[in-house]
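Input: a single structure, listed below in structure tokens.
Chain letters run A, B, ... following the sequence lines, proteins first and then strands; every chain starts at 1. Given the structure is predicted, the values throughout are model-derived calculations rather than measurements.
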There are 2 protein chains.
Amino acid sequence: MAEENESNYDPSKFDKPSVTVDLVVFTIKDNNLYILLIKRGVWPFEDSYALPGGFMRMDEKLKQAALRELHEETSIKDVFLKQVHTFSDIDRDPRTRVITVAYLALINSDNVTLAADTDAKEARWFPVTKMPKLAFDHKRIIEYVHKDLRHNIDNYTMISKFLGDKFTLTQMQNAIEAIHNHTVDKRNFRKKILSLGILSELDEVSRETFRPAKLYSLKKKLSIIQ
Amino acid sequence: MAEENESNYDPSKFDKPSVTVDLVVFTIKDNNLYILLIKRGVWPFEDSYALPGGFMRMDEKLKQAALRELHEETSIKDVFLKQVHTFSDIDRDPRTRVITVAYLALINSDNVTLAADTDAKEARWFPVTKMPKLAFDHKRIIEYVHKDLRHNIDNYTMISKFLGDKFTLTQMQNAIEAIHNHTVDKRNFRKKILSLGILSELDEVSRETFRPAKLYSLKKKLSIIQ
DNA sequence: TGAATAGTGTCTTTCAGACAATATGCC
DNA sequence: GGCATATTGTCTGAAAGACACTATTCA
């Protein structure tokens, strides 16, 4: 690390950037992929949509800051988080020098009511295919994190963050297809998923469709990711 | 992003962490994978080895800071860099709150003389299998970045960062094997690499071995990775 | 001519992808 | 019984992996 030539270290010697976290929160509703955005009420970018996020405090780690900010702004808790990239363009924030650490977040929208008992500003889900104009460099951040999601979803261990603990194979396939924006053959999908050995067949069925479907859960193996 | 409730933004309102970059610089020598470490001369962790790195300045981006610090401490230039992860444990630095952005760096050791015309402290290559005791949380950072290297080397487009522009298939195979610490069958390796269509056969041979070997170069396609 | 390393081909197994009919539960 | 959707198997082509001998250059 740094400062190997100073025998007396003075932390005030260097200017420091502000450090924020920004969250790209994904969910799946009606077989489509959505991202959560907040409407800004103040300068800069007043009335623009932006990613939820905010400043890291001195008594918390980045991931804790991400969880706290998300909860403050949307009342969401218990979310899956994965750090993706740190953005540091010098003029990315007109107020002052700010670097931001971008997090990927996955939630099951069934379990969430946005802006319930909270002081959050307007929070809304937007389809990834229909993003509004965004504040700061948040368009770029979303593109970066969305790509990360597509590259990483194929180990399938994150899928329950979208679907909950129990899900049918059709629900799983629909989710994967929404994320990739691409359909696959049902028989091939099932053959591959089952051959991976990551699912447990449960003694329960889902009755959300005409013919009931078997429910599955993820085996309790640790994910490669995080 | 942050601070949506304040109509007058005051950047001094929040304490800020220091922000550093740390580099895990890999090279391959004698078919082994090495990491570059610097010996610390001052508190804290005096006389411990540590990763090269240092503070980001207000007039540069993180990647520029990484390039600058590496050049200052080791005289290395023209290095391949990839941001990997930002570490933010509260007590990871005994001096003050410091978050650090870890970079993966790959160099061809043939082109580098360490600590040449520079004011660098002692800089040495260590085999990844024989790391000394390290300052800060640098052991953890190395493990994280090393894993990232292993997961990403298999698109093969980074291999020339280790080997230079021209290399034989045997050199390439040895490098891949060193990174994975695992041998593969020579015929299968060649069949696969050539089938990828990423290499151009040159009209030159390497005479470093008894029987001269054909030289190859990477085709000028853009890498997936940065 | 022998030492050292470059270069090469076949067989088997596994995985990916195209493809359509049957089974079940509900109304 | 008809509707909606769950469930299932085969074939084919491509890629991965096991495996050993010949070719070339130099000393």
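- Within the 4.0 angstrom heavy-atom criterion, no nucleotide atom of any strand lies near B:Ser195.
- Separating the CG atom of B:Leu169 from the P atom of C:dT5 is a distance of 16 Å, rounded to the nearest angstrom.
- Annotation: of the two residues near DNA chain D, B:Phe210 and A:Ala213, the 5′-most nearest-nucleotide partner is A:Ala213.
- Backbone-only contact: A:Thr170 has heavy atoms under 4.0 Å from sugar-phosphate atoms and none from a base.
- We find that CZ of A:Arg207 is positioned 14 Å from C1' of C:dC27, with the value rounded to whole Å.
- Taking the charged nitrogens against the carboxylate oxygens, B:Lys61 and A:Asp89 do have a contact shorter than 4.0 Å, which makes a salt bridge.
- The nearest whole Å value for the distance from the CD1 atom in B:Ile193 to the P atom in C:dT8 is 15 Å.
- Sparse packing is recorded around CG of A:Asp78, with 12 or fewer heavy atoms of other residues, nucleotides or ligands lying under 6.0 Å away.
- For the pair A:Leu215 CG and D:dT5 P, the computed distance is 17 Å after rounding to whole Å.
- Remark: P of C:dG7 and CD of B:Gln171 are 11 Å apart, rounded to the nearest angstrom.
- Atom pair B:His182:NE2 and D:dA16:C1' shows a separation of 13 Å (rounding to whole Å applied).
- Between B:Arg211 atom CZ and D:dC21 atom C1' the separation is 13 Å, expressed in whole Å.
- Contact annotation: A:Thr209 does not reach the phosphate of D:dA4 (side-chain N/O to OP1 or OP2, under 4.0 Å).
- Geometric assessment of B:Lys161 against the ring of B:Phe80 yields a negative cation-pi assignment under the 6.0 Å and 45° thresholds.
- A salt bridge is absent between B:Glu143 and B:Lys147; no separation between the charged side-chain nitrogens and carboxylate oxygens falls under 4.0 Å.
- Here C:dC15 presents its P atom at 16 Å from CG of A:Asp154, a figure rounded to the nearest Å.
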* Can you check each nucleotide of nucleotides 8-14 of chain D against protein heavy atoms at under 4.0 Å and return B for base, S for sugar-phosphate only, - for none, in 5' to 3' order? => BBB----

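- Of the listed residues (A:Tyr103, A:Phe136, A:Tyr144), just one forms a ring-ring contact (aromatic ring centres under 6.0 Å, His included) with A:Phe87, and that residue is A:Tyr144.
- Within 6.0 Å of CG in B:Asp165 there are 12 or fewer heavy atoms belonging to other residues, nucleotides or ligands.
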* Can you list the steps and then say if B:Thr86 with A:Thr86 is a side chain to side chain donor-acceptor pair (under 3.5 Å)? -> CA-CA 7 Å; B:Thr86 300; A:Thr86 301; 2.6 Å; yes

